Amino acid sequence: MRHWIRAAALVAVAALAACGGGGHRGIVGGTYTGGAVPAFGDTAPHVWKHGHPYNLPVHGVDVSRYQGDVDWHAARRAGVSFAFIKATEGGDHSDPNFRRYWAQTRAAGIPRGAYHFYYFCRGGAEQAAWFIANVPRERGALPPVLDLEWNHASRNCRHKPSAAEVQREVSAFISVITQYYGQRPIIYTTVDFYRDTNIRHLNADFWLRSVADHPRETYPGQRWTFWQYTGTGTAPGFRGNVDLNAFAGNRAQWNMWLGARMQR
């Protein structure tokens, strides 16, 4: 795609994300109306007071080994438009299902990217090198994702770094990954991590976890590209619960974002 088209796409998506994807459209009493509603469900449904995720037309999943066997063709037919697949964690752990899901999603025609779960007892550059060792650089893949959240249940790393340390090491990770894959990583984060570390100033597309309200309420003023709206979702192709996510724009804007952000 020509550079001016790519730039226009990024501007369009950024403007849309700044207003939170237009989630107020058609909301009546916490329900949804209109839009392209996917064939998804939730084992612990939530009443959305400030914007229902189903009013956004482009939905996807994020997965790890815990999803087991997945029928990706059924998932795509049901409206799964993208998938983020766990690849690595820290500097020495890889998800045993990554390569299988990576091949299966490609065969099903689902745009997909790999994500890295950040570990606070190793440096950012070291973790980036581990990710690169496990995730192919592939034309058409989505940008890599850096998953940033506190892991209070960790058995071997209870380190909770300062905001300055987080920003320094994350910036090192981003630099290495951007140079190798040709795309800046997407940043996934949670409410408490976002609040504690002031990562809002990072130059990145943000993927925000917000399972109790619309991101505009949970992360006031933050631009976002993806919204993880439930961890107890259901979808055709999956045997149990799966995380569900929505893209901030409409179908045309999704296609523009893909054109600008897929690996080349």
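Fair warning: this is a prediction, and the values are worked out from it, not measured in the lab.
For the residue pair Arg184 and Asn203, the shortest heavy atom distance occurs at NE-O, 2.7 Å. Taking every heavy atom of both residues into account, Gly231 and Asn241 meet most closely at O-CB, 4.1 Å.
Asp69 and Arg100 are joined by a salt bridge, as a carboxylate oxygen and a charged side-chain nitrogen come within less than 4.0 angstrom of each other. For the pair Asp92 and Arg122, the salt-bridge criterion is met [side-chain N within less than 4.0 Å of a carboxylate O]. A salt bridge links Arg261 and Asp205; the closest N-O separation between the charged side-chain nitrogens and carboxylate oxygens is under 4.0 Å.
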Inset, instruction - Start with the C-alpha gap between Tyr188 and Asn245, add the side-chain angles, then the distance that decides, and say whether side-chain hydrogen bond (donor to acceptor under 3.5 Å, both in side chains) holds. - result: CA-CA 11 Å; Tyr188 168 91; Asn245 307 272; over 6 Å; no
Inset, instruction - Evaluate the criterion ring pair (Phe, Tyr, Trp, His ring centres under 6.0 Å) for residue pair Tyr219 and Trp227; output intermediate values, then yes/no. - result: CA-CA 11 Å; Tyr219 303 83; Trp227 168 17; over 10 Å; no
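Taking the six-membered ring for Trp, His50 and Trp48 have ring centres at least 6.0 Å apart.
Residue Tyr194 holds its OH atom at 7.5 Å from CG of Leu208, rounded to the nearest 0.5 Å. Taking NE2 from His59 and CZ from Phe226, the interatomic distance works out to 12.0 Å, rounded to the nearest 0.5 Å. Atom OG of Ser81 and atom CH2 of Trp254 lie 7.0 Å apart (nearest 0.5 Å). Of the inter-residue distances, the one linking Asn97 atom CG with Ile85 atom CD1 reads 10.0 Å to the nearest 0.5 angstrom. Rounding to the nearest 0.5 Å gives a distance of 14.5 Å between CZ of Arg209 and CG of Leu148. In this structure, the separation between OG1 on Thr189 and CD on Glu149 is 7.5 Å, given to the nearest 0.5 Å.
Counting only distance, with no hydrogens or angles, the side chain of Thr234 and the backbone of Gly41 share a donor-acceptor pair below 3.5 Å. Checked by atom type and distance alone, the side chain of Glu217 never pairs as donor or acceptor with a backbone atom of His214 at under 3.5 Å. Judged by distance alone, with hydrogens and angles left aside, the side-chain atoms of Asn134 form a donor-acceptor pair with the main-chain N or O of Trp130 at under 3.5 Å. Panel note: side chain Asp95, backbone Arg65; a donor-acceptor pair is recorded below 3.5 Å.
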Donor-acceptor pairs under 3.5 angstrom involving side-chain atoms of residues 103-115: please list them, not counting sequence neighbours.
residue	atom	partner	partner atom	Å
Gln104	OE1	Trp72	NE1	3.4
Thr105	OG1	Tyr101	O	2.7
Thr105	OG1	Trp102	O	3.1
Thr105	OG1	Arg112	NE	3.2
Arg106	NH1	Glu138	OE2	3.3
Arg112	NE	Trp102	O	3.1
Arg112	NH1	Glu138	OE2	2.9
Arg112	NH2	Trp102	O	3.0
Arg112	NH2	Glu138	OE2	3.0

Would you be so kind as to tabulate the donor-acceptor pairs closer than 3.5 Å made by side chains of residues 171-182, with sequence neighbours excluded?
residue	atom	partner	partner atom	Å
Ser171	OG	Gln167	O	2.7
Thr178	OG1	Ile174	O	2.7
Tyr181	OH	Val135	O	2.8

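A cation-pi arrangement is present between Lys86 and Phe117 under the rule of less than 6.0 angstrom and at most 45 degrees off the ring axis.
Between the side chains of Gln127 and His116, a donor-acceptor pair is found at a separation under 3.5 Å. In this model, a donor atom of one side chain and an acceptor atom of the other lie less than 3.5 Å apart for Thr232 and Asp42.
Applying the 6.0 Å contact sphere to CZ of Arg195 captures more than 12 heavy atoms from other residues, nucleotides or ligands.
Taking Pro161 as the reference, Phe120, Trp150, His159, Glu165, Val166 meet the side-chain contact (heavy atoms from CB on, under 4.5 Å) condition, with sequence neighbours excluded.
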